[in-house]
Amino acid sequence: VQLQASGGGLVQAGGSLRLSCAASGRTFSNYAMGWFRQAPGKEREFVAAISRSGGVTYYPGSVRGRFTVSRDNAENTVYLQMNSLEPEDTAVYYCAAAISTYFSDSYNSRPSAYEYWGQGTLVTVSS
């Protein structure tokens, strides 16, 4: 499956952005999806995961209550709505797809759970 992330940009602290990740090439609903981010000099960090049906989602404490992941299987797209953005949210954001039918917070929070990755979209939050 090919993934194309978009929607990044420059936003002031407290603002919002909505990222999109369009999938092509395989049956989108067969994949659990995840969002990760990587700031300069830091390791890739888990941001959100959503099950194949969209019925289950996971977030780390750093974004819970501010970020919302959703998906539209008819449109082959997963979204990340980011509200109340903080300068610490500045990073390149990546979407990823996992073929495994197993879905849990401990498993799907790890980059190794995902076989396919998008190219990333830059989010910059100014203070």
Step through it carefully: locate the ring centre of Tyr107, locate the ring centre of Tyr102, and say whether they are under 6.0 Å apart. yes
Taking the ring centre of each residue, are Phe36 and Tyr114 less than 6.0 Å apart? yes
Which pair of heavy atoms, one from [X] and one from [Y], lies closest together, and at what distance?
| X | Y | result |
| --- | --- | --- |
| Gly7 | Thr121 | N-OG1, 4.0 Å |
| Val1 | Ala23 | CG2-CB, 3.9 Å |
| Ala91 | Ala39 | CB-N, 3.8 Å |
| Ala32 | Arg52 | N-CG, 3.4 Å |

Do [X] and [Y] have side-chain heavy atoms sitting under 4.5 Å apart?
| X | Y | value |
| --- | --- | --- |
| Phe28 | Thr77 | no |
| Trp35 | Val69 | yes |
| Arg18 | Leu80 | no |
| Val123 | Asp89 | no |

With rounding to the nearest 0.5 angstrom, report the [atom1] to [atom2] distance, [X] to [Y].
| X | Y | atom1 | atom2 | value |
| --- | --- | --- | --- | --- |
| Arg66 | Ser84 | CZ | OG | 7.0 Å |
| Gln38 | Glu45 | CD | CD | 10.0 Å |
| Tyr93 | Leu19 | OH | CG | 7.5 Å |
| Tyr94 | Arg37 | OH | CZ | 13.0 Å |
| Cys21 | Asn76 | SG | CG | 10.5 Å |
| Tyr31 | Thr101 | OH | OG1 | 13.0 Å |

Linking I/L/V/M/F/W/Y whenever any side-chain heavy atoms sit under 4.5 Å apart, do [X] and [Y] land together?
| X | Y | value |
| --- | --- | --- |
| Leu10 | Phe67 | no |
| Met33 | Phe46 | no |
| Val47 | Tyr79 | no |
| Val11 | Val92 | no |

Given the rule in the side chain to side chain donor-acceptor pair (under 3.5 Å) test, do Arg71 and Asn73 qualify, once you have shown the distances and angles that lead to the verdict? CA-CA 6 Å; Arg71 66 190 296 162; Asn73 285 344; 2.7 Å; yes
With Gln81 via side-chain hydrogen bond (donor to acceptor under 3.5 Å, both in side chains) - residues at least two apart: Asn83
Does the pair Arg26 and Ile99 meet the rule for a side-chain contact (heavy atoms from CB on, under 4.5 Å), with working shown? CA-CA 11 Å; Arg26 299 288 176 92; Ile99 190 62; over 6 Å; no
Is the backbone of [Y] close enough, under 3.5 Å, to the side chain of [X] for a donor and an acceptor to pair up by distance?
| X | Y | result |
| --- | --- | --- |
| Thr27 | Ser29 | no |
| Thr90 | Val125 | yes |
| Asn108 | Ser104 | yes |

Would you please classify the geometry between the Tyr58 ring and the Phe103 ring as parallel, tilted or perpendicular, with 30° and 60° separating the classes? parallel
